[in-house]
Number of protein chains: 2
Amino acid sequence: MVLSRIILGLLAIAPMTGYDLKRHFDSTVGHFWSADRAQIYRTLARLVADGHAEVEKVPGERAPDRQEHRITAAGRAALAEWLAGEPERHVERDPFLARVFFGDGLDDDGLRSLLARRREEVRARLERFEGMRSEAAAPDRAARLRLATLDNGLAHLRTELAWLDEVEEEFA
Amino acid sequence: MVLSRIILGLLAIAPMTGYDLKRHFDSTVGHFWSADRAQIYRTLARLVADGHAEVEKVPGERAPDRQEHRITAAGRAALAEWLAGEPERHVERDPFLARVFFGDGLDDDGLRSLLARRREEVRARLERFEGMRSEAAAPDRAARLRLATLDNGLAHLRTELAWLDEVEEEFA
DNA sequence: TCACTCATGTAAGATGTTACATGATTCG
DNA sequence: CGAATCATGTAACATCTTACATGAGTGA
C-alpha cells in the first residue's frame, strides 16, 4: 500500500518509467523508503490494472523503448485519499541494534568492528544527504516539505553518530 | 534470518514459550524489532526442525500447557556465527515521512493533524522507554550492551521531537 | 457477567529479496 | 575491448500482516 502510494506520488510530479522510479528510490526518497526493480515493476502493473496509472510506449532513440507511466484522475484521488487517511504505524527493525543487544557474544574486537562498520555506513550516508541538502532549493510549500523529510534523516544520522561516540567510549 | 537469530538470542537467556517471546517483542526488544504470533510460532517450528531448539511440554497448572523452547548447542553455535558474520544492511521504511514528503496534497489542518499524531506517538513511546530505562540495572557487559540499545531508541525519539518542533513552527 | 491474561496454532494474502534473462549505446 | 548506463521484465523464495479459531482461569 505505502509503496504504491509513494509511486503514485512520484508519478504525480512527472510521468516516469520503472527505471526512473528506481533512481528516485535510490536518491530523493531513499531516506524514508526503498524498493527494488522487481517490486517497482510489479506495483506499476497493479496500478495500471487498477486504473490508477496509464502506460505510454515511448520509442527509445538510442536506448530501449520507455514504458512511461502517467497518473490518472483516479490515481490522484487514490493518492489524496491515502494522504488524508489513517497513518500506518511504523515498526522499527534494525538488525544492527539486534547485534548490539546480543553483543555480549562477541569479544572486544568483534564489538569494535561492528561499531566501526556502523559508523562508516552512517558517515557515508550523512555525507550523501548533506550533498543533497546543499543542492536543494525550497521555494514553495511542496519543496519545503520534501526538504523537511531530508532534514529528518540528517538529524537522525547525527544522533546515531553521537550515540556511537558514547558507546565506543564505554566499550572500547 | 534476523528474526530467528533474535529468538535464539532470547532463548539463550532463558527457555521460553512463543507467548513469552511475544512479550519480549512487545517490551525488551521492541525498540529495534517486532514480531507477531504467527511469525514467532512459525519461526520456533523452524528452529526445532533445524535442531537449533528443543521443545519440552510443561503441563499448565492453571492454564494451557506450555511448549517451552530451549536452545541447543547447535543453536548457540548458529547464534555465535550470525553475530560474528556480515551485518545485514538496514533499510529505512517510514510511512509517516512518506506522507510528509507528499504533504503538499494536504491542507494546513490535515498537515497539522498528521504532525500532531506523530508527536503523540513519539511522546508515548518516549515515556514508555524512559520507564524501562529507570527500571534497568546494568551491572555486567551484557546488560550494559542491552541498555545501550535502549539509549539508542531514546536518543532517536528525542531527536524526532526536536524535529517536530521545527517542522510545526515552519508549517503551523 | 464481561474483559483480560495465558496459551496454542492455521490460512491466505501482501510485501520484500535474490537470482535469472536480454540487449543496445556510450565512455574510457 | 570492457565496464557502465539505459531499459525491460520473470520466477522463486522469504518474510510479514491480518483474520480465523479455541478455551480455561482471574479479577472487577
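Proteins get letters first, then strands, A, B, ... in listed order; numbering begins at 1 in each. Scope of the values below: all heavy atoms of this structure, side chains included, with no hydrogens, waters or symmetry mates.
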N-O pairing of A/Asp165 and A/Arg119 below 4.0 Å: yes
Sugar-phosphate, base or nothing in reach of B/Arg46, heavy atoms under 4.0 Å: sugar-phosphate
Under-4.0 Å side-chain N/O to phosphate OP1/OP2 contact, A/Gln39 with C/dT15: no
C/dC6 phosphate, OP1 or OP2, under 4.0 Å from B/Thr17 side-chain N/O: no
N/O (side chain, A/Gln67) to phosphate O (OP1/OP2, D/dA7) under 4.0 Å: no
Sugar-phosphate, base or nothing in reach of B/Ala35, heavy atoms under 4.0 Å: nothing
Nucleotide nearest A/Arg37 when distance is taken to its side chain, options D/dG9, C/dT18, D/dT15: D/dG9
Sugar-phosphate only, base, or nothing, as touched by A/Arg93 at under 4.0 Å among non-hydrogen atoms: sugar-phosphate
Neighbour count >12 (heavy atoms, 6.0 Å) for atom CZ, B/Arg70: no
side-chain N/O A/Tyr41 vs D/dT8 OP1/OP2, d < 4.0 Å: yes
Any donor-acceptor N/O pair under 3.5 Å between C/dG9 base and B/Arg42 side chain: no
B/Met1 or A/Arg89, whichever maps to the more 5' nucleotide of DNA chain D: B/Met1
